[in-house]
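Computed from heavy atoms alone, side chains included, the values below leave out hydrogens, waters and symmetry copies. Sequential numbering from 1 along the given sequence is applied to the chain's residues.
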Amino acid sequence: MRTLTRHLMPSLLAMATLTAAMQAAWAADLPAVVHKRSVEVRQAPGFDAPAIATLRRDARVAIDAQQGLWYRLVLDDGRSGYVRVNEVRMLQAGTESPEGRALFQGNAGKGRVTETATVRGIDASDLAGGQHDAAGLARLEGYRVDAATAADHARERGWQARRVAYAGEARELDTSGQQATQSDKRSGLAIARGLLSKFGGGAIASAPAATVADRAMGKSDQEVAEEERALGPAVTGRVLGVAPLWNDDSAQRRVNLVGRWLASQTSRPGLPWTFGVIDDGEINAYAAPGGYVLLTRGIYELLADDAELAAVIAHELGHVVQRDHFEVIRKQQVRDAGTDAVLSQVRAPGAAAYAKDYVAEHGATILLTGLDRDAEYRADGAAGIYLERAGFDPLAFYSVLQKMAALGKRPAPLAQLYRTHPPLDERMDRLDGRQAGR
């Protein structure tokens, strides 16, 4: 039986070594370089504060603290000043940087991020073989809050919703219950044949195209919506069978209040939005179809405030709203239908049966399937939109990426994230481009 110990506890030797390194690094400054053509260093963290120096592009600087969306720099003459988080770029060390963790450990996790950074994270084999944790799923869903409760919480925090256009945002499907017409089926059949020709050869090419159309392309919106919602708890329950919910009620309630408020600002507020923090030390977050979002304890502890927490959640919301992982599953569905001759003899299963069959074959590996870069860049862009709609500064997402970059190049706590996402510097370059174009 696979044990969870390796996920939850680093060795005592590694802990002692890391703790000693951290104690020595607390006074260290974090190296960065000016990323804009010129940057004004301000006396205090605010645009109304007087400028005390001007720095040019590529100038090396040292950061010794973060205050909101401002970094405090130590100038050559010994004075301290402040710049915005997107005006400099972290210099990534060749190896994992304890200095970066010391500077950027968040208060959300009571400063424990440095103690858990060496924990091995979840990998694809774990998600493929993990057992469904029904009790854990019920506990996760027990933390779910409704839109009104989240809105009350937002008012208490002073978060005001805004109208921000998002031209490419996916819309909710038509779930009126009307089934696909014969014209729809013929259209789906033509699309399926096109897909089959792209796959080419063997059993796929010889499979009945009508089967593929019925299973993947000819479904009504009602059927697709039901499948998407059924997959959410099925996949999430498998994750919880590998890494259980973190035993911190306040953290679980917090991510649901912040997450549900953000989800209310999307084009799909009616999904059964559910958020949780799993007990895994790697720095990552996952979006399952149908409105389920999981953050690892590692990333939760790295975040300093609600804005940064919202930024991480907002990126995952982008994947759910656009159905990114669900579309990957649908493509798998086409391939599976093409290679399963028995399917031509039986009716397509209902949503619940389909979800059960899918996780029986694939587990929760969809969550570690690398999406194409456009999908990730789109989710980054969506994060900024959702943050602004929910009353947060979109730069909070940039701040999170900077924290990750400060950990070094491809450090152990970011191993899976680097495997499934574009490089951090490329993602920040894209965000810079969007800001410049606004």
Are more than 12 heavy atoms, taken from residues, nucleotides or ligands other than E172, located less than 6.0 Å from that residue's CD atom? yes
Could you tell me whether K403 and E308 have a side-chain N and a carboxylate O separated by less than 4.0 Å? yes
Which heavy-atom pair separates G232 from A288 by the least distance, and what is that distance? O-CB, 4.2 Å
D152-T149 side chain donor-acceptor pair, cut-off 3.5 Å: no
Pairwise distance OG(S399) to CH2(W70) - rounded to 0.5 angstrom: 13.0 Å
Passes salt bridge (Lys or Arg N to Asp or Glu O under 4.0 Å), R254 versus D306? Steps please. CA-CA 9 Å; R254 180 171 175 241; D306 285 340; 2.8 Å; yes
Between I283 and M404 the two heavy atoms that sit nearest each other are CG2-CE, 4.2 Å
Can you sort out the partners of I385 under side chain to side chain contact (heavy atoms under 4.5 Å, CB included), two or more places apart, ordered by chain and number? V164, Y166, R389
Report yes or no: is the cationic atom of R42 (NZ for Lys, CZ for Arg) under 6.0 Å from the centre of the six-membered ring of Y82, at an angle within 45° of the ring normal? no
Under 4.0 Å between a Lys/Arg side-chain N and an Asp/Glu carboxylate O for R378 and E376? no
How close do Y292 and P233 get, counting heavy atoms only, and between which atoms? CE1-CD, 3.6 Å
Closest contact, heavy atoms only, L317 versus A263: CD1-N, 3.7 Å
Donor-acceptor contact below 3.5 Å, side chain E223 vs main chain S220: yes
Which atoms form the tightest heavy-atom contact between S80 and I52, and what is the distance? O-CD1, 3.5 Å
CA sep, side-chain torsions, deciding dist, call: V277, L245, side-chain contact (heavy atoms from CB on, under 4.5 Å): CA-CA 6 Å; V277 183; L245 280 181; 5.9 Å; no
Taking all heavy atoms of V145 and all of A150, pick out the closest pair and write down the distance. CG2-CB, 4.4 Å
Salt bridge between K36 and E87, side-chain N to carboxylate O under 4.0 Å? no
Any side-chain donor paired with an acceptor under 3.5 Å for Y300 and D248? no
Charged N-O contact under 4.0 Å between R229 and E226: no
Whether the S267 and R171 side chains hold a donor-acceptor pair (N or O, under 3.5 Å, no angle test) is what I'd like checked. no
Sidechain-backbone polar pair: E282 side chain, G298 backbone, donor-acceptor under 3.5 Å: no
Any residue meeting side chain to side chain contact (heavy atoms under 4.5 Å, CB included) with H35, in chain and number order, not counting sequence neighbours: R89, Y398, D429, D432
What distance separates D58 CG from R37 CZ, expressed to the nearest 0.5 Å? 12.0 Å
With under 30° as parallel and over 60° as perpendicular, where do the rings of F397 and H315 fit, or are they tilted in between? parallel
If you round to the nearest 0.5 Å, how far is CG of L431 from CG of D380? 5.5 Å
Can you measure from CG (L395) to CG (L387) and round to the nearest 0.5 angstrom? 10.0 Å
Starting at CD of Q66, measure out to OH of Y71 and round the result to the nearest 0.5 Å. 5.0 Å
Matching residue for V33 among L91, V88, L55 - test: side-chain contact (heavy atoms from CB on, under 4.5 Å): L91
